[in-house]
Amino acid sequence: MRPNPKRGKARLNGRARRPMPFQSIEPRRLYRQIADQIRGLIGSGEFPAGSRLPPERDLARQLGVSRPSVREALIALEVEGLVEVRIGSGIYVLGPSEKPAGAALAEIHAEAGPFELLRARYLIESECAALAAKSVRKAQLASIGEALDQMQRELDDEKQPLDGDRLFHLRIAEATGNGALVAVVKMLWEERTGPLYQQLEHHYDSPALWTSAMAEHRAVLKAIESRDAAGARTAMQRHLNQAYKRFSTGWDSIH
């Protein structure tokens with residue numbers, strides 16, 4: 001009888017081989033890797049408290065990454081409490097975090113970066129708008145319009161119209177008649193209202209921003225009302241692409 005080589009490998013000196021103590025490897029988002037590098041330099045004293053970090057464009061060049069990825073990392077570090085973004089002045093170090101290394105970012109590790117979130121919404125919500133234009137019912141069309149009216153009331157009351165904004169996009173998803181798309185849009189909006197996106201938006205929030213956003217929303221609604229699927233898709237793409245561009249504006253260009 002020939003020996004079974006597999007059986008021999010499975011046992012060593014008559015004992016079953018123990019599984020090796022490896023841990024699963026987690027793919028890490030680029031902005032988190034960048035944040036880790038900057039955090040490490042702050043912790044080592046390379047950038048002491050009160051010092052100013054290199055400009056965003058220089059960090060991007062030295063790291064070999066895009067400026068949006070650097071911006072996401074800096075926003076994450078600001079949420080963590082390590083740096084402060086001072087519009088028109090620069091990014092300043094506040095000092096080492098009191099939390100253990102990585103603990104603060106672990107709180108937001110499940111979040112997509114704001115720019116990758118906008119790109120996901122660009123793909124998904126533009127198709128939702130196109131589908132809604134094809135299948136929307138009269139009552140659903142009215143509910144989309146009501147959500148837009150709610151946004152306007154919130155603006156008139158000098159509030160950030162996030163509730164109406166979220167409702168507008170969800171009502172469009174519901175008008176597709178596809179429950180899976182509704183669930184996806186809800187998930188995207190949970191990320192949209194998370195600390196990373198909110199912190200980034202904080203630096204750009206202004207009445208002018210929301211005036212532009214309202215006009216973009218109205219264009220989406222008009223296309224859906226006209227049952228123009230291609231027009232609705234284009235209007236939603238334009239809206240989300242404009243948001244991407246607004247958040248890509250250099251911090252030194254904001255007043």
Side-chain angles (χ1 to χ4, degrees), residues 27 29-31 66 68-69 71-72 75 108 110-152 154-155 160-198 200-201 204-205 209-249:
R29 291 189 172 93
L30 180 58
Y31 81 85
S66 68
S69 294
R71 184 162 300 189
E72 288 175 332
I75 287 296
I108 54 174
E111 286 195 68
F115 290 103
E116 63 181 351
L117 177 61
L118 281 168
R119 280 309 182 209
R121 291 185 60 202
Y122 177 96
L123 292 169
I124 294 165
E125 294 198 45
S126 61
E127 290 308 310
C128 285
L131 287 171
K134 293 178 181 179
S135 60
V136 67
R137 297 192 299 271
K138 187 175 180 180
Q140 291 172 325
L141 200 54
S143 70
I144 297 170
E146 288 166 4
L148 197 55
D149 291 341
Q150 179 178 332
M151 280 189 72
Q152 189 60 60
E154 289 167 349
L155 277 175
Q160 194 179 34
L162 282 181
D163 289 341
D165 192 9
R166 178 180 182 274
L167 188 61
F168 178 82
H169 288 272
L170 283 179
R171 290 290 181 259
I172 291 173
E174 289 167 358
T176 67
N178 187 313
L181 285 174
V182 175
V184 170
V185 171
K186 282 182 178 179
M187 181 271 292
L188 291 172
W189 268 83
E190 287 174 5
E191 296 275 350
R192 161 71 176 81
T193 54
L196 281 183
Y197 198 104
Q198 292 286 78
L200 177 63
E201 188 174 50
Y204 294 88
D205 193 38
L209 179 151
W210 285 107
T211 297
S212 297
M214 283 296 297
E216 293 157 15
H217 282 72
R218 289 192 183 98
V220 174
L221 176 57
K222 182 178 179 180
I224 293 174
E225 286 174 334
S226 301
R227 313 285 175 166
D228 179 1
R233 179 187 294 111
T234 299
M236 185 66 81
Q237 288 174 340
R238 186 179 297 116
H239 166 50
L240 293 169
N241 198 46
Q242 285 298 112
Y244 191 100
K245 288 180 179 179
R246 281 191 284 266
F247 293 154
S248 299
T249 303

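Every heavy atom of this structure was used, including side-chain atoms; hydrogens, water molecules and symmetry mates were not.
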Minimum heavy-atom separation for [X] and [Y], please, with both atom names.
X	Y	result
Ala223	Ala133	O-CB, 4.4 Å
Ile144	Ala175	CD1-CB, 4.4 Å
Val220	Met236	CG2-N, 3.7 Å
Glu191	Ala112	OE1-N, 3.0 Å
Ile75	Leu200	CD1-CA, 3.9 Å

With side chains defined as the heavy atoms from C-beta onward, is the minimum distance between [X] and [Y] less than 4.5 Å?
X	Y	answer
Arg192	His169	no
Ser126	Leu240	no
Arg227	Lys134	no
Arg218	Met151	no
Leu167	Asp163	no
Ile172	Ile224	yes
Leu221	His217	no
Arg119	Asn241	yes

Item to check | Intermediate values then yes/no, side-chain contact (heavy atoms from CB on, under 4.5 Å), Gln198 and Leu162 | outcome: CA-CA 11 Å; Gln198 292 286 78; Leu162 282 181; 3.7 Å; yes
Is a side-chain donor or acceptor of [X] paired with a backbone partner of [Y] at a separation under 3.5 angstrom?
X	Y	value
Ser226	Asp228	no
Thr234	Gly231	no
Glu72	Tyr31	no
His239	Ala235	no

Kindly compute the distance separating [atom1] ([X]) from [atom2] ([Y]), expressed to the nearest 0.5 Å.
X	Y	atom1	atom2	value
Leu118	Leu123	CG	CG	11.5 Å
Gln140	Thr176	CD	OG1	8.5 Å
Ser143	Leu170	OG	CG	10.5 Å

Report yes or no: do [X] and [Y] form a side-chain donor-acceptor pair below 3.5 Å?
X	Y	answer
Trp189	Asp165	no
Glu154	Gln150	yes
Gln160	Glu201	yes

Item to check | Aromatic contact, Phe247 with Tyr204 (centres under 6.0 Å) | outcome: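 Phe247 vs Tyr204: aromatic centres under 6.0 Å.
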Next on the checklist: Taking the ring of Tyr197 and the ring of Phe115, is the distance between their centroids below 6.0 Å?
Outcome noted: no
Next on the checklist: Quick test of your reading of the model: are Glu174 and Arg171 salt-bridged, counting only N-O distances below 4.0 Å?
Outcome noted: yes
Next on the checklist: So that I can tick it off, tell me whether Arg246 and Glu216 are bridged by a salt bridge, with the cut-off set at under 4.0 angstrom between side-chain N and carboxylate O.
Outcome noted: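 A salt bridge is present here (some side-chain N lies under 4.0 Å from a carboxylate O).
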Checklist entry - Taking only residues two or more places apart in sequence, or in another chain, which ones meet Arg238 in a side chain to side chain donor-acceptor pair (under 3.5 Å)? => result none
Checklist entry - Per the side-chain contact (heavy atoms from CB on, under 4.5 Å) rule, which among Val184, Val182, Leu181 passes with Cys128? => result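 Testing each of Val184, Val182, Leu181 against Cys128, the sole residue satisfying side-chain contact (heavy atoms from CB on, under 4.5 Å) is Leu181.
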